[in-house]
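Heads up: the structure comes next, in structure tokens.
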Amino acid sequence: MFASLDFSIVLQAIPAILQGLLYSLELTVVAMVGGVILGTLLALCRLSSNAYLGFAAKVYVDLMRSIPLLMMILWFFLLVPLMTGVRMGPENSALITFTLFQAAFYSEIMRAGIQSIAKGQINAGFALGMTYSQTMANVILPQAFRNMLPVLLTQTFVLFQDTSLVYAVGARDLLWAAKTVGINNGRTVEMYIFVSLIYFVICFSLSMLVKYMNKRIAIIR
Amino acid sequence: MNNYHWNWGIFFQTIQNGDVTYLTWIIQALGWTIAISLLAWVIALALGSLFGTLRTVPHRGLALLGHAWVEFFRNVPILMQLFIWYFVVPEMLPHDLSVWVKQMDPQISGFIFSVIALGLFTSARVAEQVRAGIQSLSRGQRAAGLAIGFTTFQTYRYVLLPMAFRIIIPPLTSEFMNAFKNSGVAYSVGVWELVFVSNQMVEETGGQVIESLIVPTILYIICSYTANRVMYFIEKRSRVPGLIVAK
Amino acid sequence: MKKHHLLLALVAGLVVQTANAQALDGTLKKIKDSNSITLGIRESSFPLSYLDASQKPIGYHIDICNAIVDAVKAKLALPKLEVKTQAVTSQNRIPLVVNGTVDLECGSTTNNLDRQKQVAFAPTTYITQVRIAVKKASGIKTLEQLHGKPIVTSTGTTSVQLIRANEKGKNLDFKEVYGKDHADSFLMLEQDRAAAFVLDDNLLMGEIANSKAPQDYELVGEPLSTEPIAIMLRKDDPQFKGLVTATINSMAKNGTLTKLYNKWFESPIPPKNLKLNLPLSAALKDAFANPNDKPAESYKK
């Protein structure tokens, strides 16, 4: 069987693969930026003194963390149009699903990051006459981000790998592109191996970056 | 929602050309999902602890081995890892073994490959947590172990690991929940677990998609929430006195 | 069958909105208002709807849907109507038609009574037979020879329960294997994990044509079932259904369907320029002569 593997198909597939990869990366970046913003807000809600806000944020985060992403993707794509009448393609639907989903994970990371800052810092902010939001924005969050950056990046490459699930709704990502070329030529095995390599190279580079950052940040402490 | 034809009674109907109801299907599927997740978790915990610990030992070769293990198994999506285990690895085995593997009962072989793939994938993530846990301990602990005459092995066994594991229970909880959520990939090699049955129900009921999706989703929520509670119980029982988390 | 017509008549009676033929409603109104129509396509349903080398949807049902789009353009006087496509899977095609994402599903969907509870169908444009594909070298010729052997089919297809029905009816015992899509299922046959692959004849021929060694495979045995395949649309939408039905009926009458059939099933097709070699069946010839939307249940012997 291995003698019969033919990787020349990979060369033909490169334009399609690049296009798919571009969408996978776009999905990752959008979900990361949107997820961090939304996740930070959720974390602030959970840490706020308003019990209702805190509870609502906790329910949201716990629920999102309990549902498999694949199920979320299917639900969002099928049910949101049915309930709201708003139609959208799988690509946009996946963008929104991933952002909402990742927000829950980023919020847990941000919460840990904020809690890791010494309480004295908040008091110091207040002592300087800053309001709560000023203290958060100017004192606490910048430090929390910095501390949490390696963990945030690790979560991001989990996210990048998870983008392979959007094939379930037919969004044209990296895996979809490879699969399509493979099917048309009876070469699915070769394409799967090739795509696994692409994922590996990208995620491995990211993990090296995280390692490097960990070292840099360790000096600050 | 007006156009949708609801039919909640579908779960009590008998499947086409079969003897059982759709509800029975779902319950059996839940059994497969739990079996895959728990077995994969056992593998992940064992191998993850081993390779995570190796990454911290004062031996370059072993540390490198631990590192390679982690990078190898966590950087490719689980769906693709399972595909490679199932379709590519058997082709690389010696001929007789390859034939034996391929002629195993399909449900069993799909189950075994899913457990292996999910177990190894999760083990890489567990290993990362174990390493982080060991490295978060103060250096004095290792030094103290060695100073009272422990060998490196004894230092790990009696000093470092017992501490590290108690500290990393919260992140391990997430990984335990992930094992449940990721077990859905087993459908791609034909195991009748929740995702598979949900797909098949949509088809055989002529498109009762909401009913077919909502029940598996709720079961997943219950499973991962139970995993979360179990781990929380263990966490509470094993908190290290004197650390910030111990309120 | 009769029961179903009764039901349709009842629904039609309740929804008294066909009084004014000029006032648009349902899908036609939606198309006019948005100046766009969305076709649901399948990405690997050879040769009904699949992607060519440049990843553009092509196929027998795509050609028919394009003719329907032309009829919509003419009827609504919208020459610049935007035509969107949306990939669907066997799992999400029905909900996507119901929820309005897709106006016309041009894949390969069996028309059956269960589905008619959710959606409506255009007149039958293809009749598929569920067949058994094996490696020629295996020497297998009948379903009975597969007793005790592994059989593969794809998850989320009607073939899964057809195999079950045959086990029960003929007292056979197979080891079922399931691929997540037809490509994975075919791989199981290719790698000798399964002795046979059970699926619609056109899909099997498509997988074989695209494989590394098409000459190694053949379809054998009696068909397990015969099913009408049709384009799918929303239910309770008489104006749109009327237009779709009229278009397909005239294509059947003036020979266009036969010509299209010849183009996709009997001539070389992309991507590899291979023929599927599936001649026009007597049943389909009959469906072209007397266009109808009978469900699969009425094809059972």
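Keep in mind it's a predicted model, so treat the numbers as computed, not measured. In what follows, chains are A, B, ... by sequence order, proteins preceding strands, each numbered from 1.
- Looking at V189(B), only its backbone comes within 4.5 Å of chain C, counting heavy atoms on both sides.
- Side-chain atoms of M104(B) and V101(B), non-hydrogen and from C-beta on, do get closer than 4.5 Å to each other.
- Only the backbone of T205(B) comes within contact range of chain C, with heavy atoms under 4.5 Å apart.
- With 3.5 Å as the limit, one finds no donor-acceptor pair spanning the side chains of T21(B) and T14(B).
- Counting heavy-atom pairs closer than 4.5 Å to chain B, the top residue among M188(C), R93(C), R115(C), Q161(C) is Q161(C).
- For Y22(B) and W25(B), the gap between ring centers is short of 6.0 Å.
- Ring centers of F196(B) and W32(B): at least 6.0 Å apart, outside the cut-off.
- Put simply, of N92(C), T155(C), N99(C), the one with the most heavy-atom pairs under 4.5 Å next to chain B is T155(C).
- No close placement of the Y220(B) and F180(B) rings is indicated, their centers lying 6.0 Å or farther apart.
- Options E176(C), Q118(C), Q91(C), K168(C) differ in how many heavy-atom pairs under 4.5 Å they form with chain B, and the most are formed by Q118(C).
- For T157(C), the part lying near chain B is the backbone, with the side chain staying farther off; criterion is any non-hydrogen pair under 4.5 Å.
- With a threshold of 4.5 angstrom between heavy atoms, E167(C) does not approach chain B through any atom at all.
- Chain B forms the most heavy-atom pairs under 4.5 Å with one residue out of K175(C), R193(C), K180(C), K149(C), and that residue is R193(C).
- Between W85(B) and F83(B), the distance from one ring center to the other does not fall under 6.0 angstrom.
- Of the charged side-chain nitrogens involved, none lies within less than 4.0 Å of a carboxylate oxygen, so that E105(C) and R234(C) do not count as a salt-bridged pair.
- The contact between K117(C) and chain B is made by backbone and side chain atoms together, counting heavy-atom distances below 4.5 Å.
- Both the backbone and the side chain of Y86(B) come within contact range of chain C, judged by heavy atoms closer than 4.5 Å.
- Per-residue counts of heavy-atom pairs under 4.5 Å with chain B were compared for T158(C), V177(C), V160(C); the largest is that of V160(C).
- Using bins of under 30°, 30° to 60° and over 60° for the plane-to-plane angle, the ring pair F186(C)/Y217(C) lands in the tilted bin.
- Contact annotation for N112(C): neither backbone nor side-chain heavy atoms come within less than 4.5 Å of a heavy atom of chain B.
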